[in-house]
There are 2 protein chains.
Amino acid sequence: MNNRRIPKYMQLKHELLSWFESGKLQRGQQVPSENEIAEQFGMSRQTVRQTFGELEKEGWLERIQGKGTFARNPERREGEQVKTIGIITTYISDYIFPHIVRGAEAELRSRGYRLLLSSTDNNKEKEMESLQLMTSQPLSGLIIEPTKSAEGNPNLAYFLELQEKGIPYLMINEKYRELECTCLKVNDEAGGYKAAEYLLEQGHVRIAGFFKRDDLQGVNRLKGFLAAHKAAGISASPKRVVTYTTEQKNTLPYQQALHMLAEGEERPTAFVCYNDELAVLLMEAVSASGLRVPEDVSIIGFDDSSLASASGTKLTTLTHPKTMMGQEAASRLIAIIERGETAEDRVYEPQLIERDSVAKRN
Amino acid sequence: MNNRRIPKYMQLKHELLSWFESGKLQRGQQVPSENEIAEQFGMSRQTVRQTFGELEKEGWLERIQGKGTFARNPERREGEQVKTIGIITTYISDYIFPHIVRGAEAELRSRGYRLLLSSTDNNKEKEMESLQLMTSQPLSGLIIEPTKSAEGNPNLAYFLELQEKGIPYLMINEKYRELECTCLKVNDEAGGYKAAEYLLEQGHVRIAGFFKRDDLQGVNRLKGFLAAHKAAGISASPKRVVTYTTEQKNTLPYQQALHMLAEGEERPTAFVCYNDELAVLLMEAVSASGLRVPEDVSIIGFDDSSLASASGTKLTTLTHPKTMMGQEAASRLIAIIERGETAEDRVYEPQLIERDSVAKRN
DNA sequence: AAGAATAAATTGTACGTACAAGCCAGACGA
DNA sequence: TCGTCTGGCTTGTACGTACAATTTATTCTT
């Protein structure tokens with residue numbers, strides 16, 4: 001028997017732990033006395049004491065002099081467990097992200113979890129910093145919004161580490177292609193499709209599209225934009241499709257828009273924008289070109305952010321679940337943590353909200 | 001000797017722990033062997049083993065068979081210290097709060113601290129929940145934005161508990177009157193004064209003021225508003241001063257504004273609003289009354305939020321440090337934690353930003 | 001000089017005894 | 001009936017022995 005190599009007190013320890021697992025020992029229940037155990041297992045009381053001592057230090061047993069040894073609530077361990085969940089988003093203060101965080105925070109607080117927050121500013125180095133900090137202490141789970149998801153993922157090692165440590169995580173808005181994990185996202189392709197389709201239905205033909213290319217959300221929205229053109233039998237002119245990166249977001253699309261609008265009769269009559277933030281920026285470009293929204297140029301945004309209704313001309317845009325996404329991400333993660341459920345992807349269908357920034361053409 | 005009552009192995013344990021404290025035992029250093037200790041202290045090896053066993057379980061010693069017993073890095077305990085700072089704000093997703101959080105988050109991340117976030121929705125019960133959750137696990141420090149600071153503070157016990165536990169905290173925007181603690185805030189009274197003074201300078205005489213009364217920010221802004229009137233020798237009519245609570249914020253001021261604007265020639269020509277959020281709401285009230293901003297009614301907001309520039313008519317408003325306040329709160333708290341500094345209050349002077357919502361009168 | 005065997009020291013395992021200290025139920029006495 | 005006491009149980013402390021397993025330095029062998 002290879003049992004010969006395992007010390008007796010360890011064998012007894014494993015035996016007792018199996019009692020806990022099988023439910024043979026319930027919380028508060030008295031454990032046979034040291035002498036009884038010693039006799040039953042054919043070992044000396046001292047050896048039993050060694051086992052009991054370790055189990056007591058580890059919180060499984062409680063020994064009371066003169067009274068006996070008792071099984072301690074093993075749930076105490078889970079009760080005292082971390083209960084902290086981290087969220088890593090690209091931005092904190094801007095745009096729709098505060099709403100996502102808020103949804104998650106409310107859910108977590110009501111479920112007794114603490115929320116660790118960190119942002120990456122869409123910068124992979126800061127993503128690494130954040131991952132390191134988050135995992136530097138015990139963590140129950142992690143919600144991550146990928147940084148520049150369309151590019152490679154240099155922090156793959158950290159995610160694998162999460163898996164090794166048994167820290168469940170899920171992604172929102174997008175997922176890294178390299179990782180298999182649950183993801184809550186908007187159907188961006190359908191959104192891009194709907195935006196373009198809607199404009200085409202209103203009689204627009206020369207539609208410009210502005211999409212971010214370093215995250216998959218932008219790539220997918222562009223994909224839908226092109227698909228709608230194809231379905232309508234109208235070719236989307238490559239010169240009216242602008243892609244840009246996070247770093248260029250405040251300059252390149254604006255300049256390209258000015259450029260297009262200066263093309264006289266050939267200028268586009270509508271803009272599909274990656275998101276509301278860009279839409280507001282391009283509204284200014286339109287205005288700077290001496291044109292008006294929506295009379296001269298129609299604009300569609302994305303995400304139905306507060307910017308969409310706050311701006312002078314209220315933006316027609318596509319919805320994003322925002323708060324609900326945060327809330328759902330939190331509750332799914334808790335389900336994974338507490339009940340070991342395996343969550344499936346959740347895809348939200350964006351709805352078009354008609355406001356004032358799109359004009360009927362013809 | 002009362003030593004008689006203390007078991008030998010406990011006496012030895014205390015002795016060894018004192019060695020750690022005095023530096024007699026440094027990390028990695030070898031401890032005398034069990035037999036040596038037994039001889040020195042006149043006890044059996046078994047008793048020494050009991051002591052060593054406990055100290056090993058508690059992380060003070062490392063025992064290696066055949067090699068000896070070694071002092072484990074006691075700094076390990078401090079090295080793994082918490083480095084987590086909590087922030088409790090009234091709101092997360094709205095208004096200027098995301099910017100405050102962002103400032104603090106960036107600072108904390110760069111200094112190697114984790115950020116725990118929680119919100120109260122300006123509700124004292126949720127404040128209690130948040131405090132409980134935050135302190136349920138080790139915490140280095142806490143930044144708190146008081147909830148309804150003008151009212152009493154039912155969670156005083158929790159704050160005293162923080163002091164007992166030695167968790168430093170500081171307040172932003174306002175402080176609870178009952179607590180002595182460092183506070184970073186805007187000079188709200190000066191802000192209210194400047195707003196009213198500016199309008200009076202532009203020739204306005206009938207100025208209405210809308211202020212929140214359940215937090216001290218609102219109370220102080222109102223105080224400044226009244227002081228400016230007094231200094232100008234113009235009485236502020238009580239019927240043009242509206243105070244409201246958090247729960248009423250979306251209804252009462254709006255209705256009161258409509259009411260005032262319906263007063264014909266006696267209607268106010270300017271509104272001083274508690275903050276930009278209210279200012280935007282009241283702009284709608286003006287518009288709903290068939291009047292225009294700023295031609296018929298001038299409006300001044302507060303906090304220079306994104307709403308101020310996003311709205312159709314850009315708001316004249318007073319500045320709030322926002323991101324800088326978050327950043328400074330974080331860095332001061334870290335200074336308290338790491339160097340035991342005692343931080344003094346920091347008062348930011350608000351600046352008036354002239355935009356388009358105020359008209360010169362006469 | 002390099003490797004192998006050995007010895008000494010260390011901690012680990014296992015059993016043993018003895019008594020102290022604390023809890024509890026049942027016997028006992030007022 | 002109530003309180004007290006006692007005996008028997010429990011775990012706690014303390015010492016003891018013996019040998020196993022591991023490390024390290026030393027010695028021996030090649």
Side-chain angles (χ1 to χ4, degrees), chain A residues 1-17 19-20 24-74 76, chain B residues 1-17 19-20 24-73:
Chain A
M1 301 251 268
N2 59 355
N3 268 8
R4 296 272 169 220
R5 293 285 133 197
I6 300 178
K8 276 194 179 183
Y9 81 99
M10 284 296 276
Q11 291 179 35
L12 176 59
K13 188 172 173 182
H14 291 143
E15 177 70 19
L16 289 176
L17 285 176
W19 289 6
F20 278 100
K24 187 173 170 181
L25 273 181
Q26 308 268 340
R27 58 172 286 190
Q29 193 180 329
Q30 183 158 11
V31 181
S33 77
E34 295 174 353
N35 284 319
E36 281 180 78
I37 295 276
E39 198 176 348
Q40 276 182 40
F41 287 83
M43 50 177 70
S44 81
R45 182 181 158 223
Q46 302 313 312
T47 306
V48 178
R49 280 187 65 71
Q50 187 169 1
T51 303
F52 278 27
E54 289 200 9
L55 288 173
E56 186 183 29
K57 277 272 178 188
E58 288 165 25
W60 294 97
L61 297 180
E62 184 178 9
R63 300 200 279 182
I64 303 176
Q65 187 175 157
K67 204 171 175 184
T69 305
F70 301 85
R72 211 159 153 180
N73 186 0
R76 186 197 61 103
Chain B
M1 302 249 270
N2 58 356
N3 268 6
R4 297 273 170 218
R5 294 284 134 197
I6 300 178
K8 277 195 179 180
Y9 80 99
M10 283 295 275
Q11 292 178 35
L12 176 59
K13 189 172 172 182
H14 291 142
E15 177 69 20
L16 289 176
L17 285 176
W19 289 6
F20 278 101
K24 186 174 170 181
L25 272 181
Q26 307 268 341
R27 57 171 284 189
Q29 191 179 328
Q30 183 158 13
V31 181
S33 76
E34 294 174 355
N35 284 317
E36 281 179 75
I37 295 277
E39 199 175 348
Q40 276 182 43
F41 287 81
M43 48 177 71
S44 79
R45 181 181 158 222
Q46 301 313 313
T47 306
V48 177
R49 279 187 66 71
Q50 186 170 0
T51 302
F52 278 26
E54 287 199 10
L55 289 172
E56 184 183 30
K57 278 271 177 190
E58 287 166 23
W60 294 98
L61 296 179
E62 186 178 7
R63 302 200 278 184
I64 303 175
Q65 187 174 160
K67 206 171 173 184
T69 305
F70 301 86
R72 212 160 150 182
N73 186 3

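Quick note on labels: first sequence line is chain A, next is B, and so on, each numbered from 1. These numbers were taken from a predicted model, which means no experiment stands behind them.
Separating the OG1 atom in Thr47(A) from the CZ atom in Arg49(A) is a distance of 11.5 Å, to the nearest 0.5 Å. Note that CG of Leu12(B) and CD of Gln40(B) are 10.0 Å apart. Values are rounded to the nearest 0.5 Å. Distance check, rounded to the nearest 0.5 Å: NZ of Lys8(B) to OG of Ser44(B) gives 8.0 Å. Here the CD-CZ distance, from Gln65(A) to Arg63(A), works out to 10.5 Å after rounding to the nearest 0.5 Å. In this structure, CD in Gln50(B) is found 12.0 Å from CD in Glu34(B), a value given to the nearest 0.5 Å.
Side-chain N/O atoms of Ser33(B) include one lying less than 4.0 angstrom from OP1 or OP2 on dT10(C). A close approach under 4.0 Å does not occur between any side-chain nitrogen or oxygen of Arg63(B) and OP1 or OP2 of dT10(C). Lys67(A) has a side-chain polar atom (N or O) that falls below the 4.0 Å cut-off from OP1 or OP2 of dC24(C). For dT13(D), neither phosphate oxygen OP1 nor OP2 lies less than 4.0 angstrom from any side-chain nitrogen or oxygen of Thr47(B).
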Trace of the side chain to side chain contact (heavy atoms under 4.5 Å, CB included) decision for Leu16(A) with Trp60(A)
CA-CA 9 Å; Leu16(A) 289 176; Trp60(A) 294 97; over 6 Å; no
Could you walk me through whether Leu55(B) and Leu17(B) pass side chain to side chain contact (heavy atoms under 4.5 Å, CB included), step by step?
CA-CA 9 Å; Leu55(B) 289 172; Leu17(B) 285 176; 3.9 Å; yes
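At distances below 3.5 Å, at least one donor-acceptor pair connects side-chain atoms of Gln30(B) with backbone N or O atoms of Lys67(B). Although no hydrogens or angles enter the test, the distance criterion places a donor-acceptor pair under 3.5 Å between the side chain of Thr51(A) and the main chain of Tyr9(A). Between the side chain of Glu36(A) and the main chain of Val31(A), no donor-acceptor pair closer than 3.5 Å is present.
Comparing the start and finish of the helix from dA1(C)-dT30(D) to dA30(C)-dT1(D), five pairs each, the helix axis swings through 10°, to the nearest 10 degrees.
Distances were taken from every side-chain heavy atom of Ser44(B) (C-beta onward) to each of dC23(C), dG16(C), dG16(D); the shortest belongs to dG16(D). Which of dG12(D), dC23(C), dT10(D) sits closest to the side chain of Glu36(A) comes down to dT10(D). With dT13(D), dT10(C), dG12(C) as the choices, the nucleotide that has an atom nearest any side-chain atom of Arg45(B) turns out to be dG12(C). Side-chain atoms of Gln50(B) lie closest to dT13(D) of the nucleotides dT13(D), dC15(D), dT11(C). Of the candidate nucleotides dA21(D), dT23(D), dA14(D), dA21(D) has the atom nearest to the side chain of Gln65(B).
Regarding Glu54(A), its CD atom lies at a distance of 11 Å from the P atom of dA14(C), rounded to whole Å. We find that NZ of Lys8(B) is positioned 14 Å from P of dT13(D), with the value rounded to whole Å. In this structure, the CD atom of Glu34(B) is 16 Å from the P atom of dT22(D), given to the nearest Å. One atom, CD of Glu39(B), and another, P of dG16(D), lie 12 Å apart when rounded to the nearest Å. In this structure, Asn35(A) atom CG and dC9(D) atom C1' are separated by 10 Å, rounded to whole Å. In this structure, CZ of Arg49(B) is placed 17 Å from P of dA18(D), rounded to the nearest angstrom. Rounded to whole angstrom, the span from the CD atom of Glu56(B) across to the P atom of dT10(C) amounts to 17 Å. The separation between Leu55(A) atom CG and dT11(D) atom C1' is 15 Å, rounded to whole Å.
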Would you list the protein and nucleotides 3-8 of chain D atom pairs, both N or O, that sit under 3.5 Å from each other?
none

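Counting any heavy atom pair closer than 4.0 Å across all strands shown, Tyr9(A) reaches sugar-phosphate atoms only and no base atom.
A donor and an acceptor atom sit less than 3.5 Å apart, one in the side chain of Gln46(B) and one in the base of dT17(D).
Of the residues near DNA chain D, Met10(B) and Gln30(A), the one whose nearest nucleotide (by heavy atom distance) lies more toward the 5' end is Gln30(A).
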